[in-house]
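Inspection log for the structure reproduced underneath, given as structure tokens.
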Amino acid sequence: MSEHTDPKATEIPPFRYSVVLAQDIESRWQDWWDEHGTFETPNPAGPLADAQKTAERGEKLFILDMFPYPSGSGLHVGHPLGFIGTDVFGRFKRMTGHNVLHAMGFDAFGLPAEQYAVETGQHPRLTTEQNIATYRRQLRRLGLAHDQRRSVSTIDVGYYRWTQWIFNQIFNAWYDTDLQKARPITELLAAFESGARSTPDGRAWGEMTTSDQAAAVDDHRLAYVSDAPVNWCPGLGTVVANEEVTADGRSDRGNFPVFTRNMRQWMMRITTYADRLIDDLELLDWTDAIKAMQRNWIGRSSGARVHFASAAGDITVFTTRPDTLFGATFMVLAPEHSLVDTLTEPGQADTVAAYRTAAGAKKEIDRRDETREKTGVFTGSYATNPLTGNLIPIWIADYVLMGYGTGAIMAVPCGDQRDFEFATKFGLDIPAIQRPPQSWFEGHGIESSLDTSTWPVAFIGDAPYVNSSNDTLDLNALATKADGIATTNAWLEAKGRGEATINYKLRDWLFSRQRYWGEPFPIVYDIEGNPHALPDHMLPVELPETDRFSPRTFESDDEFSNPESPLDRLQDWVNVTLDLGDGVQQYRRDTNVMPQWAGSCWYELRYLDPTNAEAFVDPAVEQYWMGPRTDLRPDHPGGVDLYVGGVEHAVLHLLYARFWHKVLFDLGHLSSVEPYARLFNQGYILAAAFKDEREIYVDSLAVEKRQGEYFYEGEPVTREWGKMGKSLKNAVSPDELYDQYGADTLRLYEMAMGPLDASRPWETRDVVGMYRFLQRLWRTIADETTGESAVVDTPADEQTRKLLHRTIDVVRTEMNALRFNTAIAKLIELNNAVTKLPATPREVAEPMVLMAAPLVPHVAEELWRKLGHTDTLTYVPFPVADAMYLVDETIEYPVQVNGKVRGRVTVATEADAATVEAAALADDRIVASLNGAKPTKVIVIPGRMVNIVVEDTIGLTDIVTAI
RNA sequence: GCCCGAGUGGCGGAAUGGCAGACGCGACGGACUCAAAAUCCGUUGUCCGCAAGGGCGUGUGGGUUCGACUCCCACCUCGGGCACCA
């Protein structure tokens, strides 16, 4: 001690776990792991193969994070929550005998990267690569145990070459509805040629022109060019998928208006997979919430198509209640329905035209302002109800949507609330066709009556039919809705007036974008405009270099502008001379690019075999990592063992990726039916955000708190909680935490603040608690003055040993279940107990370091070294509790009287119920509590507790009054 | 409107039929220091009580049970998703 010369110099011991020491430990171990390839995971075959190592490491386990989009603002502490969680789990599993595959790539094509590049005037490749470098640096400092050799980016030519290859697989496939699977298009062609399959118009194949033949085949492709209504977004200068349009008709990126326009675009026939995408959800270990969102998005409903005769020919409607057809008294078409022009009588032409214009314009304004008041106009025409033979008026109204069903409905006003409101407003007939139960009338406070003019609302449900018969069909005697539907469907089919069908909300996936920063299509068009997939040896089609990468955008409300693809400007690139088997010819390249979702549809597969130049993945490698685990469950679908990511991808990414995976499975390229066997949604990190009086967010870091009020530059601001991020100006960078505490503290805090699937508010001031714990843990094992090990080789006392083994037991269970917050609490308890010992016994120190290792790997490695070990602890077996120390010789039983704990007794562990009961009744405090009252019943739960039931509570009341 | 999920101290949270509030933050008290920071030790749901001890307490109201934060019914509040889907 030299306090006489410079007291301050000696105040902090030289080897205390300070942030300086933490940073030193962390950078040294990160370098060490890299140098030693610690986290390199062996494959069973291919370039990364090491059969011996694969066997040694144990059972395979594939852990996956939703890979990040490298944005220009870098990481904030909310991003790595899931990454840390999977890292802790992966490290734990490595120590319990698993060959863990864990890698991290980048989803780097797409609109935001391009927008960022446009804003900064730099080429998107440059900005994207810079952003990736920033992400890599920030992620590396977290000490994540990723196999760096497997880190792929969707923008790598070696990656998107295979994205293009997969596109061609999909293009060259069709869906066989009999076999319910995709098959190569060559098999369809063969079936047409042989006559096994009849052509669309019944002509013999040989009599068709080449162009007609091509069209017949193209009509079946799973990727196809279609001239159909799409979502045109002038503000972005591109079309977007249905899934990218918000409920109020705007783009989810940029919030620009979106217009429905017919355009020639690439589509993917995802609708053919609708049933399998719903049904196979059963096989997945996903939350019910996500499954419900997917089911809801696909929107399967069974019903019937019914054909109504009219002057313009048959009009087909879709209904889920064909049994209510007797009550259909009018028909409503969507304003955009193709038969509206034909059906409109001259006298109604002006009214109808005006309504259609207004309905079209309505899409441009914010739909939230729309009132729910029904509007509509009569066309002047009538259709025939096939059951009643009655002529029913045909109306148009915007409550009928062109995009669902057939864009036309039969209106049953007594049984559908919307139709009821419409009929009421326009004075149309509302005959009752069901007798609602008495309770329904009572619930609405009206007399039971079939006079619907007394009804306040439509009746929807199962009830006896009335007025539901004609000469050949009678529903009136049927008991249930199911019977009514089946009977009506049979009648419709027999008469050729309809058929049972299943309808879906899901639409085909609009797959092309008129932007620069994406995968080019591996497609060229011949002089007749027919698309041809480029053969494998012509892949990749590299994204051409240009400095004119900005898309042509338009005024956001310029509905009738037309998209201009940036690639269209590169005519030298567009026009090519190729030999595709028919001799050298002129072709034009497709100038669209794929949507951002393309690259994320299959990245997990490329992690498996990132350097394979012959195939997108080696089948043996895919089988090893993704093959169905029928040892776990007979119907296991295969796929990633644990997929962790945010709930925001519940529909888009997860639906698209499942679709591609199933196509590749059908075509024989994969052994797994589903890509992600288990999905875990981590919560968000929330942070306080502050708004000034203009409702504008202000920089959270500059907000001051005074007496419970918040101020920004002296002005009062209001606080709210939101997802951490740039837009709310409340992002906390991990760099700040590295500087203040180090990465281990950040990791530990993020895991300790709550369950992984719950959102939680970020509180920088709480972080210090985990920092203090690491200091105490360090001090338990290392001498703060010398930096040497402080553990002793004398055995631990019995009590400490028991605590250790109980901790091991719980920590193992909790880590397996991804409950890291409770595992951490147990480790803190153990360490706090050990702190009170005169010295730390090695038999406690070593397991404690190993248990902490998945959570705080850097400091754990350092302590492991201090304990005399020379290699990384990454593959050291995780401690196993000795059952011997999990039981005590005696147990303390809480003793309740009428459910309230009044005392406790200690008895031998093996004591039987009678002994425990006797001990409880003999306890002084219990005797006092009973105050002479006779127990009517004594419940002894072995190992748990005793409850004494006293019916006569006079004794107890006496005690209370005595006090 | 429909479909999910959640309501526990000042705060984050723990306990999934058996001792409510583990662990952490904050707060309060103490040690060290000239002092402060850092660190360490102790107390901390709430009310009554000098204390021993007791009352109350998991959004609200019922129910099941020897026993309910936990299970059931109804309601309230908050968060998320879908939304004129025929």
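Convention: sequence-line order gives letters A, B, ...; per-chain numbering from 1. Below, all heavy atoms of this structure are taken into account, side chains as well, without hydrogens, waters or symmetry copies.
Looking at Asp419(A) and Tyr399(A), their side chains do bring a donor and an acceptor atom within 3.5 Å of each other. Using modelled atom types, one finds a donor on one side chain and an acceptor on the other under 3.5 Å when comparing Tyr684(A) with Glu648(A). Of the N and O atoms on the side chains of Tyr504(A) and Asp275(A), at least one donor lies less than 3.5 Å from an acceptor on the other residue. If you check the side chains of Thr375(A) and Tyr355(A), you find a donor sitting under 3.5 Å from an acceptor. One side chain, Thr780(A) or Asn831(A), offers a donor N or O that lies under 3.5 Å from an acceptor on the other. Between the side chains of Trp762(A) and Thr764(A), at least one donor-acceptor pair of N or O atoms lies under 3.5 Å.
Here Arg776(A) reaches the OP1 or OP2 of rG24(B): one of its side-chain N or O atoms lies under 4.0 Å away. Neither OP1 nor OP2 of rA86(B) sits under 4.0 Å from any side-chain N or O of Arg305(A). Contact check, Arg772(A) against rC23(B): no side-chain N or O comes under 4.0 Å of OP1 or OP2.
Using cut-offs of 30° and 60° on the angle between ring planes, the pair Trp778(A) and Tyr17(A) is tilted. Ring pair His649(A)/His653(A) is perpendicular by interplanar angle, where above 60° counts as perpendicular and below 30° as parallel. Using cut-offs of 30° and 60° for the angle between ring planes, the Trp395(A) and Phe422(A) rings count as perpendicular.
Residue pairs satisfying the salt bridge (charged side-chain N to carboxylate O under 4.0 Å, His left out) criterion with at least one member in residues 285-299 of chain A, sequence neighbours excluded, are listed as follows: Glu282(A)-Arg295(A), Asp285(A)-Arg678(A).
Distance check on atom C1': rG12(B) versus rG26(B) gives 11 Å, rounded to whole Å. With both ends at atom C1', the span from rU33(B) to rG18(B) equals 50 Å, rounded to whole Å. Atom C1' of rA35(B) sits at a distance of 28 Å from the matching atom of rU44(B), rounded to the whole Å. For the P atoms, the distance from rG63(B) to rC69(B) is 15 Å, rounded to whole Å. On the C1' atoms, rG49(B) is 11 Å away from rG55(B), given to the nearest whole Å. Taking atom C1' on both rU8(B) and rA68(B), the two are 14 Å apart, rounded to the nearest angstrom. A distance of about 9 Å separates the C1' atoms of rG7(B) and rU58(B), rounded to the whole Å. To the nearest whole angstrom, the two P atoms, one in rG17(B) and one in rA83(B), are 37 Å apart.
When heavy atoms are screened at a 4.0 angstrom cut-off, Asn832(A) is found touching the sugar-phosphate backbone but no base atom. Note on Arg295(A): nothing from the nucleic acid sits closer than 4.0 angstrom, heavy atoms only. Nucleic acid contact class of Lys505(A) (heavy atoms, under 4.0 Å, all strands): base. Note on Gln775(A): only backbone sugar-phosphate atoms sit closer than 4.0 angstrom, heavy atoms only; bases stay farther off. The residue Val767(A) sits apart from the nucleic acid: no heavy atom pair falls under 4.0 Å.
For the pair Lys505(A) and Tyr404(A), the cation-pi criterion (under 6.0 Å, within 45° of the ring axis) is not fulfilled.
Here the P atom of nucleotide rC82(B) and the OH atom of Tyr404(A) are 17 Å apart, to the nearest Å. In this structure, Lys425(A) places its NZ atom 14 Å from C1' of rC84(B), rounding to the nearest Å. When the C1' atom of rC82(B) is taken as reference, atom CD1 of Ile298(A) falls 14 Å away, rounded to whole Å. Across the protein-nucleic acid pair, Met402(A) atom CE and rC84(B) atom C1' stand 16 Å apart, rounded to whole Å. Here rC84(B) presents its C1' atom at 16 Å from CD1 of Ile396(A), a figure rounded to the nearest Å. The interatomic distance linking Leu506(A) (CG) with rC82(B) (P) rounds to 15 Å, in whole Å. When rounded to the nearest whole Å, the span between NZ of Lys900(A) and P of rG55(B) equals 6 Å. Across the protein-nucleic acid pair, Trp286(A) atom CH2 and rG81(B) atom C1' stand 16 Å apart, rounded to whole Å.
Candidate nucleotides rU39(B), rC66(B), rG81(B) were compared by shortest atom distance to the side chain of Arg779(A), and rU39(B) ranks first. For Glu829(A), the listed nucleotide lying nearest its side chain is rC23(B); candidates were rC23(B), rC41(B), rC82(B).
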Q: Mind running salt bridge (Lys or Arg N to Asp or Glu O under 4.0 Å) on Asp323(A) and Arg321(A) for me, showing each step along the way?
A: CA-CA 5 Å; Asp323(A) 58 316; Arg321(A) 292 293 302 273; 3.0 Å; yes

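Scanning atom types as modelled, no donor and acceptor separated by under 3.5 angstrom connect the side chain of Lys826(A) and the base of rC23(B).
If Ala825(A) and Thr320(A) are placed on RNA chain B by their nearest nucleotide, the residue sitting closer to the 5' end is Ala825(A). Along RNA chain B, the nucleotide nearest to Val768(A) and the one nearest to Tyr771(A) differ in position, and the one closer to the 5' end is contacted by Val768(A).
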(Q) Walk along nucleotides 3-20 of chain B from 5' to 3' and tag each nucleotide B, S or - by protein heavy-atom contact under 4.0 Å, base first, then sugar-phosphate. (A) -S-------SSS---BB-

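Paired regions of RNA chain B, where each region holds three or more successive Watson-Crick or G-U pairs whose two hydrogen-bonding distances fall under 3.5 Å, are B:1-7 with B:76-82, B:10-12 with B:23-25, B:26-31 with B:39-44, B:45-48 with B:53-56, B:59-63 with B:71-75.
Annotated as anti: rG61(B), whose O4'-C1'-N torsion sits more than 90° from 0.
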